[in-house]
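Single-structure report; data block below.
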Protein chains: 2
Amino acid sequence: MHERERWQLILNRLRERGIVRVNDLAGLTGASLATLRRDLARLEDQGQLRRVHGGAETAEVSGQGDLTAASFGASQTTNAEAKLAVARKAASLCSDGDSIILNAGSTTWFMAQCLRQHRMQVLTNSFPIAQELIANSGNRVVLPGGELYREPGIILSPFEEDAIQHFAAGKMFMSCYAITPMGVIESDPLIARAEAKLLSRAEKLIVIADSSKFEARGNMVVCPLARVSTVVTDAGAPADMVDHLRGLGVEVLIAEAERETKLSAA
Amino acid sequence: MHERERWQLILNRLRERGIVRVNDLAGLTGASLATLRRDLARLEDQGQLRRVHGGAETAEVSGQGDLTAASFGASQTTNAEAKLAVARKAASLCSDGDSIILNAGSTTWFMAQCLRQHRMQVLTNSFPIAQELIANSGNRVVLPGGELYREPGIILSPFEEDAIQHFAAGKMFMSCYAITPMGVIESDPLIARAEAKLLSRAEKLIVIADSSKFEARGNMVVCPLARVSTVVTDAGAPADMVDHLRGLGVEVLIAEAERETKLSAA
DNA sequence: CTGCAAACGATCATCGTCAATCAAAATTGC
DNA sequence: GCAATTTTGATTGACGATGATCGTTTGCAG
């Protein structure tokens, strides 16, 4: 088990339970207590959690397992700045009166933050995004039916019948787990299926993915690259993939980051 | 059980009951009296509660600015105490493993507050109730598809197709605009239709209505009284309506007000 | 007003957790 | 293959949390 895997595990656990104890993590990861304390310290530096005696808790509003911001506000597993830049660029592609679809994802959540001045119809299967749009924007919100899953705040349903079969969108903005020559990739089959269902209601598909998404892995293909109209990413995207996409006729937009601050070294 | 878990438990209990006693908490948490007193002291420092001899009581409404509490927590237009008593009584009719339906309404929202310890499947068309259940309870939540309306946080859809057509519930708890000899009444046709759709997925119908609901008016009949299995109300319900309901074979439960009857202004 | 029982705050011993340090192992670069 | 760097694991003294016990205060009833 490597560093990143442990971090992912810790953050997942944290989202599920709201609080983690070092001892539990030791049994869960097999790592030593010292290592886990170091992990927690680094994650705290990144603002992804808050340490408490005996473990750590979610960084946001204490106590209340507030789904909204707790899931994303500070828990951007990867570079939040790039995602925000991508989200802004994607938001600029929207016009009042549009009908759009946003799937559940951290990048789409950032994008929802950028839509406060818009007046659109938005279909989303993300509970936090729905709350953000309803509470802080003038957009109309449509939700699919299904079970609301606690950890990521996603609405999923195994059935075909749904009110969203009457929804027709011009654009779907999709945040994904990875994007490879095989297509747009998710890690979970249920999520992949939900996104495919949403996609069937949209004319154009705009994938929003910061450059880290080009290296990540996954196993479930949501759709082939031929279905993609546009990709919005940042300057760190590998040139060969950009060329490959453009060769397929996919429009590739590069979002300009406001300030480049690499935080790897500390 | 560690510090934060105890705090969570204490605050949850406090929100449910309005007052907690140290002895009760000792039996509940297994912690010693000294520890619990320390906990209460720290929580009081944070303004989360107010200490009284023997325990602690709620400090005030901790406004989260969210849709959740903002819609109901402090804006109970009518008698909140009666609604809370009714909600508690209704919650006592639920058992772990049940599948229930909650429509959107202030009384059902109070009821959701009382379900934090339950483990059920809950279908609701209320966004605030869904958020409450997901954030603060272990219940599974299922949502119908449709448009999310901002003001009351209700999900409505004019279409028949919906994933909830696969939901089967033993009981539906319905909060309504009024209850008259004509049946269960709503004021808005769209809401009435949504509730009728939910009702079609439930075996028994339990109407939860504080006594003020027997005088109010409305125009849309959701269902006739014959469809009602049980009515949960408070001691202020008019005797003739109670008799009428019982004559129809409807079970009528009267919720007892907690302790103090602060009928300052009737 | 007085007595009693419950609850409170303070203190202290015990235990678990924390941060710092150093050694071992894995990874990287040459 | 060897050395430098990074990551991990163990040890130690310090710190915080817990629970028991004390004497004191509060609330209640007679």
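In this text the structure is predicted, and so the values were computed from the model without any measurement.
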I'd like to know if B:R38 reaches the base of C:dG9 with its side chain, counting only an N/O donor and acceptor under 3.5 Å.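 Checked by distance alone, the answer is no.
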Under the 3.5 angstrom rule, does the side chain of [X] hit a backbone N or O of [Y] as a donor-acceptor pair?
X	Y	value
A:K83	A:T108	no
A:N103	A:E195	no
A:R150	B:I134	yes

Between CD1 on residue A:I191 and SG on residue A:C176, distance to nearest 0.5 Å: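 Answer for the CD1-SG pair, A:I191 versus A:C176, is 12.0 Å.
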Rounded to whole Å, how long is the line connecting atom [atom1] of [X] with atom [atom2] of [N]?
X	N	atom1	atom2	answer
A:E5	D:dT7	CD	P	15 Å
B:L36	C:dA6	CG	P	18 Å
A:D39	D:dG9	CG	C1'	13 Å
B:L33	D:dT18	CG	P	14 Å
A:R4	D:dT8	CZ	P	11 Å
A:D24	C:dT17	CG	C1'	14 Å
A:L40	C:dA20	CG	P	15 Å

At under 4.0 Å between heavy atoms, what does B:R42 touch on the DNA or RNA strands: base, sugar-phosphate, or nothing?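 It contacts sugar-phosphate atoms only.
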Less than 6.0 Å separating the ring centroids of B:F127 and A:F127?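 Close enough - the centres of the two rings lie under 6.0 Å apart.
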Look at B:N23 and C:dA7 and indicate whether a side-chain polar atom (N or O) is within less than 4.0 Å of OP1 or OP2.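 Result: yes.
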Does OP1 or OP2 of C:dT17 have a side-chain N or O of A:R21 closer than 4.0 Å?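 Answer is no, no contact under 4.0 Å.
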Which of the following nucleotides, [options], is nearest to the side chain of [X]?
X	options	answer
B:T35	C:dA7, D:dG19, D:dG9	D:dG19
B:H2	C:dT17, C:dT27, D:dA10	C:dT17
A:E3	D:dG9, D:dT8, D:dA20	D:dT8

Given DNA chain C, 5'-ward residue of the pair A:V22 and B:A34, judged by closest heavy atom: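 Looking at the nearest nucleotide for each, B:A34 comes out on the 5' side.
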Results of side chain to side chain donor-acceptor pair (under 3.5 Å) for A:T35 - residues two or more places apart only: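 Once residues adjacent in sequence are excluded, the partners of A:T35 under the side chain to side chain donor-acceptor pair (under 3.5 Å) criterion are A:S32.
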Quick one: does A:T233's side chain get under 4.5 Å of A:I254's, heavy atoms only?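 The answer is yes; the side chains approach within 4.5 Å.
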Please list, in numerical order, the residues of residues 50-57 of chain B that have a heavy atom closer than 4.0 Å to any atom of DNA chain C.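 When residues 50-57 of chain B is checked for heavy atoms under 4.0 Å from DNA chain C, the hits, listed by number, are B:R51, B:V52, B:H53, B:G54, B:G55.
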